[in-house]
There are 2 protein chains.
Amino acid sequence: MTGVWQCQGVTTTSAVGAVRQGSLRELNLAVVLGRIAAAARPPSRADLATDTGLTRATVSAVVDDLIGGRLVCESAPAPRSGAGRPARGLVLADHGPAGLGLEINVDYLAACVVDLAGTVRHHVVHRADLRPVSPADAVARLAALAADAHAAADREGLVLAGATLAVPGLVDAHGLVRLAPNLGWRDVDVPGLLADRLRIDPVPGVPPLVVDNEANLAALGELHAGPPGAPSFLHISGEVGIGAGIVLNGSLFRGARGWSGEIGHVPVRPDGRPCRCGGRGCLERYAGQEAILTAAGLTGTDLPADTATTTLAGLAADGDQAALTALHDAGTALGVAVSAVVNLLDLDTVVLGGGYATLAPWLCPAILTELSRRVLTARWAEVTVRPAALGPRSAAVGGAGSVVRAVIARPVGWLARSG
Amino acid sequence: MTGVWQCQGVTTTSAVGAVRQGSLRELNLAVVLGRIAAAARPPSRADLATDTGLTRATVSAVVDDLIGGRLVCESAPAPRSGAGRPARGLVLADHGPAGLGLEINVDYLAACVVDLAGTVRHHVVHRADLRPVSPADAVARLAALAADAHAAADREGLVLAGATLAVPGLVDAHGLVRLAPNLGWRDVDVPGLLADRLRIDPVPGVPPLVVDNEANLAALGELHAGPPGAPSFLHISGEVGIGAGIVLNGSLFRGARGWSGEIGHVPVRPDGRPCRCGGRGCLERYAGQEAILTAAGLTGTDLPADTATTTLAGLAADGDQAALTALHDAGTALGVAVSAVVNLLDLDTVVLGGGYATLAPWLCPAILTELSRRVLTARWAEVTVRPAALGPRSAAVGGAGSVVRAVIARPVGWLARSG
DNA sequence: CGCAATTTGTTCAGTGGTTGAATTAAATGA
DNA sequence: TCATTTAATTCAACCACTGAACAAATTGCG
């Protein structure tokens, strides 16, 4: 008896819709555009044909549609070795659809524009303490930043296809911010306040405004910034609270209600300090921004959070003992929580984002120590812990990126819109 | 500005292969068969047409292929209300392909046959302490059970399309059992020992033998036994060790290397009892079978594990204080670990399987108490904790089910095989 | 310089599979 | 008995992919 032996079964094709006649072209448009987006260097039509298994004739037809829709451009012919007609490289258009990324956080507002290729074409961060500001006022200020971003996009020949707003809290399926504890918000209808001010010409299949948790979007940003593929990793955002975005097999896992990633209340000392969540010994009480700053003796200085983090990093770099101890202890607590996650999900990568991105050099050793002690499979397979590629404040960029990914995933919507 | 407002972004179409001409029919065969499998009552061709969006003509053609391939049968016309030609109901064939499920566990062997519809057509459990038995001998005994199952399938007109073997340990991508601690196995090449004895006529697209972790397969069994849909839940198997199968959006999540679900070593008392994994205060030390039995005063009785569990359940039912306390404490430990998982993944359901299935009535209250204390979103959304629908020892059934799911997910393989 | 070799991209008749409308089939109800 | 209603099939039309042939553009060798 011969056959291919494999351990893991076939992944069941999750309720894919039926394939109608027209869906055929629709799907192939998405496949070809996806390959162009994922390719390391500009592929030729012939490359795409061998890559996808389609014939060159089909690929040419599909690419013609994509070029006609201004999603793809022909780049300068790549320098080729060997004989034969030189290939014409295909790249994502730098003047087509773009995504608008927005963020409301505790101590800043942000807006950015990301083009199809994932390049950040515009990015503005506006520092301000938003805690004393009403939701309506905060949204009004954000709308001004969004208008600037819109103008910048116009100047660069980009068309905004949708917007994504990152908030530090729980968001329900309708975009309602159910709870943003560190902002003091509860049941705020952000889409209702913001939607009419954005003036986005809707693209079929692309939601004009998505509101999502900041940690989720930062994880998405990390996903798109990294090499193509379907990685699984945990992205931990250390802001005032601690949130995590979970990327599994290349897509964000949001949980049954979109509220996944609440790692801040994993117990790391079950009989430890009481937490405002009602539990005891939650991670947030040992590795949250406040806990670290207090342990390092930086409390009461009334610095903005990001400045305090930078100060702390500076102290640690200078060898300040209190800072080093505080960071080591926080790293240990993080390590306990992360070990549980890695044991459960068998992840091979943990990304430190938000404030942790800056503090990563001093957090990593303690985290790795805990991982090697507590992860059952540590002997066979390494777990990588690294700072976020996009650095802190990446949620807006991740959100904008998710808009263009939506266009790339279903290009027909865009093509139908612009004749 | 109008449009659909939604919180969560579009799920990116994960690297789907290109759609060739022939794939069209291939995909629609899968879609239609999937709907027939998922339907609550036998659907008619017309039902399928409105359901899938295909035309009735196309559905008829597709269904003809499926009936010709003996995957689907016409059932007796369903009693219809109202006028009109009565519909002919379509059901999965009870004489077509079937799956062989096998299990090697610490104290029993099992083999079963499951047909397309998910009905268990044959099931044999052979009790034996496998710890003193060599892997080769254990596989030889299992092969005898498998031969019986094969004969039973033949008698019922079923054709085995593939086999799945459940083992209580870590399995790598090649089917190698890297470590089965409670069985004392290490780096055992089970496919090499078993494959040639199974005599399975391979079906294209269906792996002839899959080896997987027992907890994963039990979770798959639970998934298929439940209502159709794409649920997310955690299935906890309490055997000698504690394993978990994680089902996310209707598919099993296996992790980067297939080793997800190691919940037994989540710390629930970080400075608690030392564990053989090297950590301290692991869940297994508080809610593992040994820990519970010891706490209940049932240790040293040298009973087989399942008998001991039944005995314990009997004592608890009779109000034995030691048993009740032991179960309450185990439930509390489980609740701490489960809370962490629920906070992280936002699951709405936790299923108690393996030995826990029997003990669920006494474990649930303590688990629910911890959940309500520790889960941040508990106020908005309930978490259901329930015993496994398939009961204990469901891994073999789940494995057999995963074989038929593979056939349903890609029926062309089967159709190509049998003219 | 010229020509074969090579690779890219396009053209075009052919085909598979879906489409939509018309038709047949089989029941209910007035 | 016949109009009404719903189910399923038939068939010409059509859409998008296929495969082979062809045109285009470059390298390399004599």
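Residue numbers start from 1 in every chain, and the chains themselves are labelled A, B, ... in the order their sequence lines are given, proteins ahead of strands.
- In this structure, CD of A:E74 is placed 14 Å from P of C:dT8, rounded to the nearest angstrom.
- Counting to the nearest Å, the C1' atom of C:dA25 and the CZ atom of B:R45 are 13 Å from each other.
- A donor-acceptor contact shorter than 3.5 Å links the side chain of B:R35 to the backbone of B:D51.
- The closest donor-acceptor contact from the side chain of A:R70 to the backbone of A:H95 lies at 3.5 Å or more, if one exists at all.
- The CZ atom of B:R88 sits 12 Å away from the P atom of D:dA7 (whole-angstrom rounding).
- Contact annotation: B:S44 reaches the phosphate of D:dA8 (side-chain N/O to OP1 or OP2, under 4.0 Å).
- Distance alone, capped at 3.5 Å, places no donor-acceptor pair between the A:S23 side chain and the A:E26 backbone.
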* Asked: Which letters describe nucleotides 18-24 of chain C, given B = protein heavy atom under 4.0 Å from base, S = only from sugar-phosphate, - = neither?
  -> BBB----
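- In this structure, the side chain of A:S232 engages the main chain of A:N249 through a donor-acceptor pair within 3.5 Å.
- A donor-acceptor pair under 3.5 Å is absent between the side-chain atoms of B:D64 and the main chain of B:A61, judged by distance alone.
- Between the side chain of A:T52 and the backbone N or O of A:L48, at least one donor-acceptor pair lies under 3.5 Å.
- Using a distance-only test at 3.5 Å, with no hydrogens or angles considered, a donor-acceptor pair links the side chain of A:H150 to the main chain of A:R199.
- A donor-acceptor contact shorter than 3.5 Å links the side chain of A:R121 to the backbone of A:D94.
- Separating the CG atom of A:L29 from the P atom of D:dC15 is a distance of 16 Å, rounded to the nearest angstrom.
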Give each protein N/O atom lying under 3.5 Å from an N/O atom of nucleotides 28-30 of chain D, with the pair distance.
none

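- Here the C1' atom of nucleotide C:dG9 and the CG atom of A:D65 are 16 Å apart, to the nearest Å.
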